[in-house]
Amino acid sequence: MIQPQKTLPVIIIGAGPVGLLSALALAKQGIAVLVLEAEPGLTIDLRAGTFHPPTLEMMAPLGITDRLEETGIKVARWQARDFQEGLIVEWDLSLLKNDTPYPYRLHLEQHRLTPILLDMLAAYPHAQVRFSTRFTGYTQDTGSVTVSAESATATEKFDGSWLIGADGGRSAVRKATGIEFTGYTWPERYSVMSTTEDLAQYGYADNAYISDPEQWIAVFRMPDQGPPGLWRLTIPVKGEMPDEEILAPAYAQKIMSRLLNREGPFPMVHQNVYRVHQRVAESFRAGRVLLAGDAAHVNNPLGGFGLNSGIHDAMNLAEKLGAVIRDKVPDSTLDLYSSERRAANIEYVQNMSVKNKQNLEEADPVKRSHRIDSLRKIAADPALARDFLLGSSMLKSFR
C-alpha cells in the first residue's frame, strides 16, 4: 500500500457511486479523504444499473469489476424493437471482443455498487466516511478549503485540501459555487416499474428498446434473489396524469398488457415516477472546488450513460487530482479535467441520450421507416455494426 500523504484530506460531498469511487481511487494513491453524506446510510436508487465496457475497464484495476461480476448479469445481446414492426435488430456485443476485455453490458443496480465501494474503503485508515452530516457551505483560499456541515447534534467545520461535489443533480456544492447548471427539464415524467414476470419467454433480450410515437418502453433485466431476475421497464408519461394514478397497480397492469399483448394479472414489485433533465454545469471547477457525476451533468436514461459518465468523471478526476497532490504537478491540470469531461458530456452523453429519446418517439412515418431500414442495414454489415456498437457502448468517447 502506498504510504499516506501528510496533507489535509480531500473532502468529498456525497456517498453515492461517484463520491465513493473518487474516494477509493484517491485513497489507493495514499491521499487522505473524508466523505460527508447527508443521509443516515447508503441510499437505494433503482434508476441506474447498466455498466458499459469502458466503465468495467476503468474499475478493474481497483478490483471493483470482479466484485460486480459476482452478482451482475452479463448482457452480450440487446434489441431494438418497435411496437408496430416487432423485432428490428438484435445487436451482438461479441463484435467488440477485439476492442475490449468486456464485450458486454453488465446489469447491476448502482445501490449494489456503493456497499462494495464502502467495504473497500474500510481497508484504508486514511479514508473516513461520515453519514448524517449535511454540507451547508464552504470557504476557500489559495491552499485549502473549509467545509461547514450539520449533524443531528452539532454544526461542524472540516479543513481540507480540495472539495469534490458529488452530491447529485440538486448539488448543494454546485449551488454554493454559483456555477450555472444550464439546460432544460423534459415536459414528460418517466415511470419505472419492475416485474418478476419472465420477459425472456416472450422473446425479449436482457435489454430492449421498443420505439413508439405514443409511448416507447425500455426493458432491462436485473439480478434479483434468483432466476429469472427482475425485469425493469422505463416509460415516458405525458400530460398531467397525477402521480397517484401513475403509481396505481392498474396502470402497471395496463403497460404490461400492452408490452406482452396479453391480459394479466402480472406480478409487479416496484413502481416509481420522476422528472428527467438535460443539464450541464458551465464549469466543473471553481478554484479548489470540483464537480463530478450528477452534480456536474444530468441526462435522460436512454443508453445508460448517466452512471457511466459519472464514473468516468471520478476516475479522470482522481488521476489528475492525485498528480496535483502527490506529484506536485500544476493545478491547471484540473482545468483539463473540467474541459475534458465537460466536452465529453456535451459532445457525446447529451447528444446521444437526446438522440436515443428522439429516435424512440419519432412520429413521422417516413423518418420511422428510414430509421428501421438504416438499423437493419447497419446490423447486416459486421464492420458497420461494430462501429455502431463502439459508439453505443461508450468506447468511442472513452478512447
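FYI, side chains are in, hydrogens and waters are out, and symmetry mates aren't considered; it's all heavy atoms of this structure.
For the pair Arg342 and Val280, the minimum side-chain heavy-atom distance is below 4.5 Å. With a 4.5 Å cut-off on side-chain heavy atoms, Phe135 and Leu36 do not count as touching. Within the 4.5 Å cutoff, the side chain of His297 has no heavy atoms near those of the Val349 side chain. Taking the side chain as every heavy atom from C-beta outward, Leu307 and Phe51 approach each other to under 4.5 Å. Between Ile11 and Trp162 there is no side-chain heavy-atom pair separated by less than 4.5 Å. With contacts defined as side-chain heavy-atom distances shorter than 4.5 Å, the pair Leu34/Ile12 does not qualify. Using a 4.5 Å heavy-atom cutoff, the side chains of Asp99 and Arg386 are in contact. Within the 4.5 Å cutoff, side-chain heavy atoms of Asn300 are placed close to those of Gln278.
When all heavy atoms of Ile31 and His126 are compared, the closest pair comes out as O-CD2, 3.3 Å. In plain terms, the two heavy atoms of Ser148 and Lys157 that are nearest each other are OG-NZ, 2.9 Å. In this structure, Val237 and Glu188 approach most closely via the heavy-atom pair O-CB, 3.3 Å. Closest heavy-atom contact between Ile179 and Glu282: CG2-N, 3.7 Å. Nearest heavy-atom pair, Ala23 versus Val35, reported as atom, atom and distance to 0.1 Å: CB-CG2, 3.7 Å. Heavy atoms only, all atoms of each residue included: Thr185 and Val276 are closest at CG2-O, 3.5 Å.
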Open item on the list: Walk me through whether Ser393 and His52 qualify under side chain to side chain donor-acceptor pair (under 3.5 Å).
Closed with: CA-CA 6 Å; Ser393 296; His52 286 299; 4.8 Å; no

Task: Derivation and outcome, side chain to side chain contact (heavy atoms under 4.5 Å, CB included), residues Tyr251 and Ile235 - done: CA-CA 12 Å; Tyr251 187 70; Ile235 60 173; 3.9 Å; yes

Open item on the list: With salt bridge (charged side-chain N to carboxylate O under 4.0 Å, His left out) as the criterion, how do Glu109 and Arg232 come out once you've worked through the C-alpha distance, each side chain's angles and the decisive distance to 0.1 Å?
Closed with: CA-CA 11 Å; Glu109 299 97 331; Arg232 182 162 299 141; 3.6 Å; yes

TODO: In sequence, state the C-alpha distance, the side-chain angles, and the governing distance for Thr43 and His111, and then conclude on side chain to side chain donor-acceptor pair (under 3.5 Å).
DONE: CA-CA 7 Å; Thr43 59; His111 69 82; over 6 Å; no

- [ ] Mind running side chain to side chain donor-acceptor pair (under 3.5 Å) on Asn316 and Lys320 for me, showing each step along the way?
- [x] CA-CA 6 Å; Asn316 186 308; Lys320 289 179 170 59; 3.0 Å; yes

Task: Derivation of the salt bridge (charged side-chain N to carboxylate O under 4.0 Å, His left out) call for Asp82 and Arg368 - done: CA-CA 10 Å; Asp82 183 86; Arg368 282 171 55 81; 2.7 Å; yes

Open item on the list: Let's go through Val219 and Ile217 carefully: what are the C-alpha distance in whole Å and the side-chain angles of both, what is the deciding distance for side chain to side chain contact (heavy atoms under 4.5 Å, CB included) to 0.1 Å, and is it a yes or a no?
Closed with: CA-CA 6 Å; Val219 173; Ile217 299 180; 4.0 Å; yes

- [ ] Apply salt bridge (charged side-chain N to carboxylate O under 4.0 Å, His left out) to the pair Glu197 and Arg262, showing each step before the final yes or no.
- [x] CA-CA 13 Å; Glu197 182 80 13; Arg262 77 168 182 84; 3.1 Å; yes

Task: Worked verdict on Leu113 versus Leu108 for side chain to side chain contact (heavy atoms under 4.5 Å, CB included) - done: CA-CA 8 Å; Leu113 169 61; Leu108 188 71; 5.7 Å; no

TODO: Take Glu150 and Arg134 through the salt bridge (charged side-chain N to carboxylate O under 4.0 Å, His left out) test and state the conclusion after the steps.
DONE: CA-CA 5 Å; Glu150 293 180 351; Arg134 183 173 63 88; 2.7 Å; yes

TODO: Given side chain to side chain donor-acceptor pair (under 3.5 Å), test Thr146 with Asp159 step by step and report yes or no.
DONE: CA-CA 4 Å; Thr146 299; Asp159 293 325; 2.9 Å; yes

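No donor-acceptor pair closer than 3.5 Å links the side chain of Thr182 to the backbone N or O of Glu180. Counting only distance, with no hydrogens or angles, the side chain of Ser257 and the backbone of Lys254 share no donor-acceptor pair below 3.5 Å. A donor-acceptor pair under 3.5 Å is absent between the side-chain atoms of Thr114 and the main chain of Leu42, judged by distance alone. Not one N or O on the side chain of Ser171 forms a donor-acceptor pair closer than 3.5 Å with the backbone of Ala295. A distance-only check finds no donor-acceptor pair linking the side chain of Thr195 to the backbone of Trp231 [under 3.5 Å]. For the pair Ser332 (side chain) and Asp335 (backbone), a donor-acceptor distance under 3.5 Å is absent. A distance-only check finds no donor-acceptor pair linking the side chain of Asn299 to the backbone of Ser353 [under 3.5 Å]. With hydrogens and angles disregarded, no donor-acceptor distance shorter than 3.5 Å links the side chain of Ser132 to the backbone of Glu37. Side chain of Asp167 to backbone of Val173: a donor-acceptor contact under 3.5 angstrom is found.
Screening Leu21, Leu317, Ile164 for a side chain to side chain contact (heavy atoms under 4.5 Å, CB included) with Leu26, the sole residue that qualifies is Ile164. The side chain to side chain contact (heavy atoms under 4.5 Å, CB included) test with Glu362 is passed by exactly one of Asp364, Leu360, Asn359: Asp364.
Note: Tyr190 and Trp216 have perpendicular aromatic rings, judged against thresholds of 30 and 60 degrees for the angle between ring planes. Classification of the Tyr337-Phe284 ring pair by plane angle, with boundaries at 30° and 60°, yields tilted. Ring orientation note: the planes of Trp91 and Trp78 are tilted relative to one another, at an angle of 30° to 60°.
Residues Thr100 and Glu57 bring a donor and an acceptor atom of their side chains to less than 3.5 Å of each other. With 3.5 Å as the limit, one finds no donor-acceptor pair spanning the side chains of Asn207 and Arg221.
A salt bridge between Arg130 and Glu156 is present, with a side-chain N of the basic residue lying under 4.0 Å from a carboxylate O of the acidic one. No salt bridge links Asp141 with Arg288; every basic N to acidic carboxylate O contact stays at or beyond 4.0 Å. Using a 4.0 Å cut-off between charged nitrogen and carboxylate oxygen, Asp206 and Lys74 do not count as a salt-bridge pair. Ionic pairing of Arg67 and Asp119 is present here: one or more N-O contacts between side-chain nitrogen and carboxylate oxygen are shorter than 4.0 angstrom.
Cation-pi check for Arg81 over Tyr204 is met; the charged atom lies under 6.0 angstrom from the ring centroid and within 45 degrees of its normal. Judged by the 6.0 Å and 45° rule, Lys357 forms a cation-pi pair with Trp186. The side-chain tip of Arg258 points at the ring of Phe83 from less than 6.0 angstrom away and within 45° of straight on.
Remark: Asn261 CG is loosely packed, at most 12 non-hydrogen atoms of other residues, nucleotides or ligands lying under 6.0 Å away. Taking a 6.0 Å sphere around NZ of Lys355, one finds it holds 12 or fewer heavy atoms contributed by other residues, nucleotides or ligands. No more than 12 heavy atoms of other residues, nucleotides or ligands sit less than 6.0 Å from atom CZ of Arg170. Shown here is Gln201, whose CD atom has more than 12 heavy atoms of other residues, nucleotides or ligands within 6.0 Å.
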